[in-house]
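These values consider heavy atoms only, across backbone and side chains, with no hydrogens, waters or symmetry-generated copies. Throughout, a chain's letter reflects where its sequence line sits, starting with A, and its residues are numbered from 1.
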Amino acid sequence: GAVVSQHPSWVICKSGTSVKIECRSLDFQATTMFWYRQFPKQSLMLMATSNEGSKATYEQGVEKDKFLINHASLTLSTLTVTSAHPEDSSFYICSARSSSGSQNEQFFGPGTRLTVL
Amino acid sequence: GQNIDQPTEMTATEGAIVQINCTYQTSGFNGLFWYQQHAGEAPTFLSYNVLDGLEEKGRFSSFLSRSKGYSYLLLKELQMKDSASYLCAVREVWNTDKLIFGTGTRLQVFP
């Protein structure tokens, strides 16, 4: 099946710093990637839809100036958490849709655990 | 908008059968997915239903009734490794990419 990678797998940073998370589709091209956030014992919450070559579409309540998304190529999307604070500590997961799949299945990356001190 | 409900937690015994239900309300339905997620890991795809009926894949089966806004995931011959969270996700009809996830059901399998 299609493989999606994320980097880093975990990161610890000080409050006020910015953190960049990369999401790559390794063996397929993804015109659309998705960024989710998951707090402990909760389900995935869609943050934004990342489209290659255009601006991301953010879900209601997600600050676009705080969570910067760049989808510069068909295999890479990045999420930058700017001026991170402890409440941003969470598990961030990206997914990419393979257009060749019969049901347009989304493939998920392994996730990035962010801890803001 | 979308509203998806699942039981929060379930327990079962190794070797048994368990059914995890998912009900949804949506103004536009274009498919339902089930994912398995172990703690600290990303979700992995289990099944997809877009038409009414039962889809069987090994020990796992998924059922959909669009008129009732209802789906279930059936796990047979439970194994300890099946202890995980099971996420129901609905895809919107006007956006074939966007998935809305339910709260997830944490299943604990006991020996």
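Both the backbone and the side chain of A/L44 come within contact range of chain B, judged by heavy atoms closer than 4.5 Å. With a 4.5 angstrom heavy-atom cutoff, A/Q38 touches chain B only via side-chain atoms.
Taking OG of B/S61 as the reference point, atom CG of B/N49 lies at 10.0 Å (rounded to 0.5 Å). The CD1 atom of B/I4 sits 8.5 Å away from the OG atom of A/S43 when rounded to the nearest 0.5 Å.
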Quick one: side chains of residues 101-110 of chain B, donor-acceptor pairs under 3.5 Å with protein atoms, not counting sequence neighbours, listed by atom name and distance.
| from | atom 1 | to | atom 2 | distance (Å) |
| --- | --- | --- | --- | --- |
| B/T105 | OG1 | B/Q6 | NE2 | 3.1 |
| B/T105 | OG1 | B/P7 | O | 2.6 |
| B/R106 | NH1 | B/E9 | OE2 | 3.4 |

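Listed by chain and number, the hydrophobic cluster partners of A/I12 are A/W10, A/L117, where partners are ILVMFWY side chains within reach of under 4.5 Å, directly or through others.
Outside the 6.0 Å centre-distance limit, the rings of A/Y58 and A/F67 are not counted as a close aromatic pair.
Pairs engaging residues 38-93 of chain A under the disulfide bond (SG atoms under 2.5 Å apart) rule: none recorded [sequence neighbours left out].
Both B/V90 and B/L64 belong to a common hydrophobic cluster when Ile, Leu, Val, Met, Phe, Trp and Tyr are linked at side-chain heavy-atom distances under 4.5 angstrom.
Proximity to chain B among residues 75-93 of chain A is limited to A/F91, A/I93, judged by heavy-atom separations below 4.5 angstrom.
The most heavy-atom pairs under 4.5 Å with chain A, out of B/A89, B/G31, B/S85, B/G40, come from B/G40.
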